[in-house]
Colleague: 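Structure in structure tokens, see below.
No hydrogens, no waters, no symmetry mates; every other heavy atom, side chains included, goes into these values.
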Amino acid sequence: MKYIVIILLLSTNGLEKIELKTTESNCNEIADAWREVNTTYRGPGMGQGNYTKDGKLMIGHICQ
């Protein structure tokens, strides 16, 4: 069975999606691993969150 992990990022251009296709059913673990490798946590304060190197805020993920 095939699964899609969709990473949601917020930038100045709006909402962006990154689709990761996998045959693994552990969607949350895949999304967490992507976050750990591709983002840096900034905080505390108003701008806290996980940001990519180019300044996009990771707002969540969806499993399909």
Side-chain angles (χ1 to χ4, degrees):
M1 190 168 192
K2 293 183 181 180
Y3 299 92
I4 299 175
V5 181
I6 301 172
I7 306 295
L8 301 171
L9 302 172
L10 186 62
S11 72
T12 56
N13 295 328
L15 186 65
E16 297 182 24
K17 298 177 186 177
I18 297 175
E19 292 187 3
L20 308 172
K21 296 178 182 177
T22 182
T23 57
E24 301 294 323
S25 63
N26 55 349
C27 172
N28 292 328
E29 292 177 18
I30 293 170
D32 285 341
W34 187 92
R35 178 186 47 79
E36 289 175 8
V37 169
N38 294 289
T39 68
T40 303
Y41 180 76
R42 295 185 203 164
M46 281 288 274
Q48 72 180 350
N50 289 76
Y51 289 85
T52 62
K53 290 178 183 172
D54 55 352
K56 298 174 184 172
L57 174 63
M58 181 179 174
I59 58 173
H61 69 278
I62 300 170
C63 302
Q64 293 184 342

Colleague: Closest heavy-atom contact between Tyr3 and Glu24?
Modeller: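 In terms of heavy atoms, the two residues are closest at CD1-O, 3.1 Å.
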
Colleague: Can you check whether Thr39 reaches Lys56 side chain to side chain, under 4.5 Å on heavy atoms?
Modeller: no

Colleague: To the closest 0.5 Å, what do you measure between OG1 (Thr22) and CE (Met1)?
Modeller: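 Those atoms lie 12.0 Å apart.
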
Colleague: Give a yes or no on whether Ile4 and Ile18 share a hydrophobic cluster (residues Ile, Leu, Val, Met, Phe, Trp, Tyr; joining criterion: side-chain heavy atoms under 4.5 Å apart).
Modeller: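 Per the 4.5 Å side-chain linkage, Ile4 and Ile18 are not co-clustered.
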
Colleague: Tell me the closest heavy-atom pair linking Gly55 and Arg42, and the distance in Å.
Modeller: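 Taking every non-hydrogen atom into account, CA-NH2, 4.4 Å.
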
Colleague: Looking only at heavy atoms, which two atoms of Gly43 and Gln48 are closest? And how far apart?
Modeller: CA-CB, 3.6 Å

Colleague: Do Leu15 and Leu57 belong to the same hydrophobic cluster, where Ile, Leu, Val, Met, Phe, Trp and Tyr are linked whenever their side-chain heavy atoms lie under 4.5 Å apart, directly or via other members?
Modeller: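 Yes: a chain of side-chain contacts under 4.5 Å links Leu15 to Leu57.
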
Colleague: Can you measure from CD (Glu36) to CG (Asn50) and round to the nearest 0.5 angstrom?
Modeller: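 Output value for this atom pair is 9.5 Å.
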
Colleague: Among Ile7, Ile62, Leu8, which residue meets the side-chain contact (heavy atoms from CB on, under 4.5 Å) test with Lys17?
Modeller: Leu8

Colleague: What distance separates Met58 CE from Leu10 CG, expressed to the nearest 0.5 Å?
Modeller: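 Met58 CE to Leu10 CG: 12.5 Å, rounded to 0.5 Å.
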
Colleague: Within the structure provided, determine whether Leu20 and Trp34 are in side-chain contact (heavy-atom separation under 4.5 Å).
Modeller: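 A side-chain contact under 4.5 Å exists here.
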
Colleague: Using 0.5 Å steps for rounding, measure from the CG atom of Asp32 to the CG atom of Asn26.
Modeller: 10.0 Å

